[in-house]
Amino acid sequence: MDQRKKGSTTELRLMVVGSTGPSQFLLTNAILGREEFSKDITSISDSRKNTGELAGRRVAVINGPNIYEKDISKPKREMELRRSKCLCIPGPHAFLVAFDMEEISPNEMQTPKLMRERFGRHCLRHCMVLLAYEGSTDGAILEHRVQKTDWHLRELIEKYGGRFHVFSKNWRDRSRDQELLQKIERMVGSLGGGYFCSRTFQKAEESVKKEERRLRKQREADIKKAWTEMENQYMAEELYHQKDAYTTSVGAEIRAKAEMDNGWLRTSLARGLGTGFVVGAVMGALFGSIEGPGGMVLYGIIGGAVGGSAGGTAQVAIKHMEDRVAPPARLNFNSIFINRFFATPRP
């Protein structure tokens, strides 16, 4: 059952969604005020989370592959959808659905249906349309144009409850940050100030927490050793500060790993591998039937191997993203922390 829950008052979690092209990545740059994605990027194959500030409010921005991304297999798309939910737990305060103001396709008129299918039937209540524009025209003038003359844009926006905002493709333009934040906060406030949650977001949260517990258990000996070293070097309030900093750092590292790789994601990967193998084997066997019984066996084996490989491309993404959030080759985090913070006790 979809529901709303009270969310953090200090950080807004924003799920940025795009149908095709670069709009969602331009929006991420605009929200964060930095070039997180280059202007040439039109698609990504993995899900990402970046943090920063919008008009002084701390935000976490989550991006996944575009809805109509053609170069991603179905198993890979399913796994990245799950991953984006793990990166946004316990749920997003707002879905920001990005489009190019000058390029609205017939497919994009169908995005509300796909949003409900992927995130939950009540997610549109938490949605706002973000329209990217290029040039120096004043944003307020463009919004007036949308409301009065651009019927196709009005039709799209009405599917999302009539909530929309226009933003410049130039991320250095910060003139409308405060207005965007106010619109998001107003929408969230109208829904009771909570975040969106559904069964799959609950599943994502459970899986991340379970993985955190597993990773923390693996690190018990290292953590105990680090605490002992701190106790030998510091006393009283200084010891408290050092332990607090260390605990926060370890917790952040473990959380990042758990969001990127956990049992729920591994289940999705295994399903993709299995489906790819079965489909490939069946198609290979059908093709091989032309060659006779021997051909059915041979081509079935080949097809299964190829299909399994295609279904398992997500494993590459997992490894790539693990490298992004954790030190390579399992570097000892304790030694890194201790070398950085424990060099010389402060007087």
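Below, each value reflects all heavy atoms present in this structure, side chains not excepted, and no hydrogens, waters or symmetry copies. Just so you know, these numbers come straight off a predicted model, no measurement behind them.
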Examine distances only and state if a side-chain atom of [X] and a backbone atom of [Y] form a donor-acceptor pair shorter than 3.5 Å.
X      : Y      : value
Arg163 : Cys127 : yes
Thr28  : Gln24  : yes
Ser23  : Asp100 : yes
Arg34  : Ile31  : no
Asp244 : Tyr240 : no
Gln233 : Met230 : no
Asn29  : Glu36  : yes
Arg174 : Ala30  : yes

Taking atom [atom1] of [X] and atom [atom2] of [Y], what is their separation to the nearest 0.5 Å?
X      : Y      : atom1 : atom2 : result
Glu179 : Asp177 : CD    : CG    : 10.5 Å
His126 : Cys197 : NE2   : SG    : 10.0 Å
Asn262 : Ser207 : CG    : OG    : 5.0 Å
Glu69  : Ser19  : CD    : OG    : 11.0 Å
Ile62  : Cys88  : CD1   : SG    : 3.5 Å
Arg116 : Leu114 : CZ    : CG    : 9.5 Å

Tell me, with the steps shown, if Leu191 and Arg125 meet side-chain contact (heavy atoms from CB on, under 4.5 Å). CA-CA 8 Å; Leu191 295 165; Arg125 297 175 184 173; 4.2 Å; yes
Less than 4.0 Å between a side-chain N and a carboxylate O, is that true for [Y] and [X]?
X      : Y      : value
Asp222 : Lys225 : no
Glu259 : Lys49  : yes
Arg82  : Glu78  : yes
Glu220 : Lys224 : no
Asp46  : Arg83  : no
Glu212 : Lys257 : no

Side chain to side chain donor-acceptor pair (under 3.5 Å) for Glu206 and Gln202? Distances and angles first, verdict last. CA-CA 6 Å; Glu206 291 167 3; Gln202 291 172 344; over 6 Å; no
Applying ring pair (Phe, Tyr, Trp, His ring centres under 6.0 Å), name anything that partners Phe164, two or more places apart in sequence or on another chain.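 For Phe164, no residue satisfies ring pair (Phe, Tyr, Trp, His ring centres under 6.0 Å) once neighbours in sequence are set aside.
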Does some side-chain heavy atom of [Y] sit less than 4.5 Å from a side-chain heavy atom of [X]?
X      : Y      : value
Pro92  : Phe201 : yes
Glu80  : Ile72  : no
Ile67  : Met115 : yes
Ser45  : Pro65  : no
Tyr195 : Arg13  : yes
Lys203 : Lys85  : no
Thr51  : Arg58  : yes
Arg219 : Val250 : yes

Would you say [X] and [Y] are hydrophobically clustered, going by side-chain heavy atoms of ILVMFWY under 4.5 Å?
X      : Y      : answer
Phe119 : Val208 : no
Leu131 : Phe25  : no
Met101 : Tyr160 : yes
Trp264 : Met260 : no
Ile44  : Val17  : no

Which atom pair, heavy atoms only, marks the closest approach of [X] to [Y]?
X      : Y      : answer
Thr111 : Phe99  : OG1-CZ, 3.6 Å
Ile41  : Pro22  : O-CB, 3.2 Å
Glu238 : Tyr234 : CG-CD2, 3.2 Å
Pro112 : Met109 : CD-O, 3.5 Å
Ala204 : Ile89  : CB-CG2, 3.8 Å

Is it true that atom [atom1] of [X] has more than 12 heavy atoms of other residues, nucleotides or ligands lying nearer than 6.0 Å?
X      : atom1 : answer
Glu237 : CD    : no
Lys209 : NZ    : no
Glu103 : CD    : no

Single hit among Val129, Leu153, Ile141 for side chain to side chain contact (heavy atoms under 4.5 Å, CB included) with Val146: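 The single option meeting the side chain to side chain contact (heavy atoms under 4.5 Å, CB included) with Val146 is Leu153.
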Scan for ring-ring contact (aromatic ring centres under 6.0 Å, His included) pairs involving residues 60-83, sequence neighbours excluded, and state none if there are none. none
side-chain hydrogen bond (donor to acceptor under 3.5 Å, both in side chains) with [X]: which residues, sequence neighbours excluded?
X      : result
Lys183 : Glu143, His165
Lys113 : none
Arg214 : Glu211

Could you tell me whether the side chains of Asp40 and Ser38 share a donor-acceptor contact shorter than 3.5 Å?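 No donor-acceptor contact under 3.5 Å links the two side chains.
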Donor + acceptor pair across side chains of Thr20, Asn66 (<3.5 Å): no
Could you walk me through whether Ser168 and Asn170 satisfy the side chain to side chain donor-acceptor pair (under 3.5 Å) test, starting with their C-alpha distance in whole Å, then the side-chain angles of each, then the deciding distance to 0.1 Å, before giving a yes or no? CA-CA 5 Å; Ser168 173; Asn170 175 15; 5.1 Å; no
Name the orientation class of the two ring planes belonging to Phe196 and Phe95 (parallel below 30°, tilted from 30 to 60°, perpendicular beyond 60°).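 If you compare the ring of Phe196 with that of Phe95, the planes turn out perpendicular.
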Lys243 vs Glu231, salt bridge (Lys or Arg N to Asp or Glu O under 4.0 Å): CA-CA, chis, key distance, verdict: CA-CA 9 Å; Lys243 282 187 173 182; Glu231 288 166 355; 2.8 Å; yes
Can you run down the side chain to side chain donor-acceptor pair (under 3.5 Å) pairs that involve residues 149-158, sequence neighbours left out, and say none if there aren't any?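 Passing the test, one end in residues 149-158: Arg145-Asp150.
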